[in-house]
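What follows is a short report on a single structure.
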Amino acid sequence: GDSVTQTEGPVTLSEGTSLTVNCSYETKQYPTLFWYVQYPGEGPQLLFKVPKANEKGSSRGFEATYNKEATSFHLQKASVQESDSAVYYCALSESSGSWQLIFGSGTQLTVMP
Amino acid sequence: ETAVFQTPNYHVTQVGNEVSFNCKQTLGHDTMYWYKQDSKKLLKIMFSYNNKQLIVNETVPRRFSPQSSDKAHLNLRIKSVEPEDSAVYLCASSYRASQNTLYFGAGTRLSVL
């Protein structure tokens, strides 16, 4: 079945440093790929999604490229801030119309001032 | 802006009791979901409800049952809670079942003593 594997947390960084959260996926279909972010005390919210291979998504300084050949969708940010502290989820959804969103295990990020 | 509302925020109960959680969305979406988030932040789909059609994750114990009066409301009842039911229960909605961007509520945290 479909699956998503991402960097195990927790990850702790200092403000101003760069972030990479690895995400790899397995599916036989042509998925849409997502990054969701969950701030403390809130539900997950969409950071961005990319429906097509070889395209890039971005939001709030975060970006990820849908790499079909490598089956990867790594999240990057050049300079993190304390307010980026959250749990980040990589997810996929098949384009065949399946209702189910497959989430990775989540990566807890803490940014120290 | 919050558009998926969950009550209560927290609930503490004892083993064997029955609990109910409420969820309402004001987005006009057709599909609603219940997810369970465990202490390690893993997200697991429990139910999806679309136009009165219930899709059940087969791994969900029978003591869990969703209840929907209309497409804007999806409640969750747990008969005879057990310690492993302690978790955050997240309600979500999407425009339709095949539209895979989810909007989550803030969650209900259940503690079973």
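These numbers come from a predicted model, not from an experiment. Throughout, a chain's letter reflects where its sequence line sits, starting with A, and its residues are numbered from 1.
The only option from B:Ile45, B:Leu42, B:Leu43 that meets the side-chain contact (heavy atoms from CB on, under 4.5 Å) definition with A:Phe103 turns out to be B:Leu43.
Linking ILVMFWY side-chain heavy atoms closer than 4.5 Å, directly or via other members, places A:Phe48 and A:Val21 in a single hydrophobic cluster. B:Tyr35 and A:Tyr36 fall within the same hydrophobic cluster, where Ile, Leu, Val, Met, Phe, Trp and Tyr residues are linked whenever their side-chain heavy atoms come under 4.5 Å apart, directly or through other members. The cluster map of Ile, Leu, Val, Met, Phe, Trp and Tyr, joined by side-chain heavy atoms under 4.5 Å apart, puts B:Leu74 and B:Val19 in the same cluster.
A distance of 8.5 Å separates CD in A:Gln38 from CZ in B:Phe104, rounded to the nearest 0.5 Å.
Side-chain N/O atoms of B:Thr101 and A:Lys49 include a donor and acceptor closer than 3.5 Å.
Of the atoms belonging to B:Gln6, not a single heavy atom falls under 4.5 Å from chain A. With a 4.5 Å cut-off on non-hydrogen atoms, B:Lys40 touches chain A through its backbone but not through its side chain.
The candidate with the highest count of non-hydrogen atom pairs below 4.5 Å against chain B, out of A:Gly104, A:Ala91, A:Pro44, is A:Pro44. Highest contact tally toward chain A, considering only B:Cys91, B:Gly107, B:Ala106, is held by B:Ala106 [criterion: heavy-atom pairs under 4.5 Å].
The environment of A:Glu26 atom CD is sparse: at most 12 non-hydrogen atoms of other residues, nucleotides or ligands sit within 6.0 angstrom. More than 12 heavy atoms of other residues, nucleotides or ligands shown are found within 6.0 angstrom of CD on B:Glu82. Within a 6.0 Å sphere centred on CD of B:Gln14, other residues, nucleotides and ligands contribute 12 heavy atoms or fewer.
When side chains are defined from C-beta on, A:Leu101 counts as touching B:Leu102, because their heavy atoms get closer than 4.5 Å.
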